[in-house]
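Just so it is clear: chains get the letters A, B, ... in the order the sequence lines come, proteins before strands, and each one is counted from 1.
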Amino acid sequence: MRWRLLALLAWPAMAMAQEAPPGASTCLGCHASTRTDAAIPSLRGRDPADVAEAMRAFREGRRPATLMDRLAKGFSEEESQAIAAWIVR
Amino acid sequence: MKLTRRALPMLLAAPALAQAVPKVVVIGGGFGGTSCARALQGHGIAVTLVEARETYTSCPFSNAVIAGLRPISTLRFGYEGLRRAGITVVHGTATGVAGREVVLGDGTRLPFDRLVVSPGITLRFDALPGYSEAASETLPHAWQAGAQTELLARQLNAMEDGGTVIMTVPENPYRCPPGPYERASLIAYFLKTRKPRSKLLVLDAKDAFSKQRLFEAAWAALYPGILEYVPLSGGGKVTGVDVGARRVTTDFGDHDGAVINVIPPQRAGDLARVLAVADRSLWCPIDPESFESRLVPGVHVIGDAAIAGAMPKSAFAANAQGRVCAAAVAALLRGTPVQTPRLLNTCYSLVAPGYGISIAGVYRPANGLLTDVPGAGGTSPLNAPPTTREAEAHYAEDWFQTITTDAFG
């Protein structure tokens, strides 16, 4: 019984570690974390500060874009930073 | 390994751990169901995916198959990748739910702590006088990819130059809002390059549609004299079809076609009826925070079947909803608050090879629905240079490879 209780605690602990901030997980619909040959780049391993700066530049229209300018405007600076920190993992 | 007193508790704990891992059954092996199943698995949940077919054929890029621009084999995906990832895949049809178990047609029972369904669409063959499933063997819909896609491609190939192709487009809501217009564009491209004396007549039951200005600008530039678009206000609403005569009827008159593509009205997939998660609108109302059905607690509905407010019925949206729903289900199973989600959508359309356009959106829950985040989203610019169109066509292909890898492995 004691061990079962411990096991019950073990599942959520493992799951909690993976929670993505709002909006972050759906970025992976284009920015694949597993593909290395993609035209739309993977963001895994990037510097989160660079990703956040790119989001800021897209949001402010300072960086040429096809559609990232339209998507970046849906997130605040704080939200963008949270996404950047998660998506580079 | 030598069994020691210290190892014993570990061995005892192992079966208890297995019991404690929650079980989620996902029904529907399209973009929504597969994406959700994989995301749930990533949350450490034991996932069983139920899908009748052993091979899935993607609707995205099926318009390119119709226009002879790519083989249908590039749209086919199996479920081995999900199995390799540790997901249990069962090929069967759900006939109902009894308590906390899904019941399949062969009597198999699959226990679950929460259930996710991605029912897709069912075509309403009863909604257009003269049309039926049997009629679709002559006048294909090609709105669920597979044999129908190939049939329409064959008919276009076999048509004599100088023939008229007719497409009929339904009212909202339906799967893939810009899809009919991408199809019209690519059929026009096929005719222009292969059968230049032919014409395409697009009869639409509405006056406004997704990416309209971009499509219309491209049609005027690329397909003058080939593609004729008739909106609702111009007599575009089709009120009946005559299969034998290959004729469609509108309030303004009849049109004969050598090839007729009927895109019929749609509803949530049959599974939604089986599980009673569809309402009188024939679609499935959901809580936009968790995608839990408003009609059946413990059951979550994602993808085309769901009433997702401003979010369109697209493969990208189904994939995004699958991930967000998986996170919500994991939170509910561990008893923690469900995070208020933000979702993205991106839909590319090809108007010709190397000429892509897009619409994008960012969505969040408000007033019980998913709504557009103000100031975000929108379409490609109307005056973009050819390099942008080329880049978007390239990104469309890239997105397809990513989303299918993400969904099917």
Quiz item: Should Glu79(A) and Arg59(A) count as an ion pair when the cut-off is N to O under 4.0 Å?
Solution: no

Self-check item: Which of Pro22(A), Cys30(A), Pro21(A) touches chain B most, by non-hydrogen pairs under 4.5 Å
Solution: Pro22(A)

Quiz prompt | Residue selection (most heavy-atom pairs with chain B, distance under 4.5 Å) from Thr34(A), Leu28(A), Asp69(A) | solution = Leu28(A)

Quiz item: Any Lys/Arg nitrogen of Asp406(B) or Arg35(A) sitting under 4.0 Å from an Asp/Glu carboxylate oxygen of the other?
Solution: no

Self-check item: Lys/Arg N to Asp/Glu carboxylate O, Glu60(A) vs Lys73(A), below 4.0 Å
Solution: no

Quiz item: What part of Thr346(B) is in contact with chain A, defined as an atom under 4.5 angstrom from a non-hydrogen atom: side chain, backbone, both or neither?
Solution: side chain

Self-check item: Pick from Ala320(B), Gly377(B), Ala407(B) with the largest number of heavy-atom pairs that fall under 4.5 Å of chain A
Solution: Gly377(B)

Self-check item: Best-contacting candidate, Asp398(B), Val362(B), Ile403(B), Asn345(B), against chain A by heavy atom pairs under 4.5 angstrom
Solution: Asp398(B)

Quiz prompt | Contacting moiety of Leu333(B), where chain A heavy atoms sit under 4.5 Å | solution = both

Quiz item: Who among Gly378(B), Gly375(B), Pro341(B) has the most heavy-atom pairs with chain A under 4.5 Å?
Solution: Gly378(B)

Quiz item: What about Phe61(B) and Phe400(B), are their ring centers closer than 6.0 Å?
Solution: yes

Quiz prompt | Check ion pair Arg175(B)-Asp304(B) (N to O, under 4.0 angstrom) | solution = yes

Quiz item: Which bit of Tyr395(B) is near chain A, if near means a heavy-atom gap under 4.5 Å: side chain, backbone, both or neither?
Solution: both

Self-check item: Salt bridge flag under 4.0 Å for residues Glu392(B) and Arg389(B)
Solution: no

Self-check item: Region of Asp372(B) that comes under 4.5 Å of a non-hydrogen atom in chain A
Solution: neither

Practice problem: For the pair Ser358(B) and Ser380(B), evaluate side chain to side chain contact (heavy atoms under 4.5 Å, CB included) and give the outcome as yes or no after the intermediate values. | Solution: CA-CA 5 Å; Ser358(B) 66; Ser380(B) 314; 3.1 Å; yes

Quiz prompt | Residue Phe31(B) versus chain A: region with a heavy atom under 4.5 Å | solution = neither

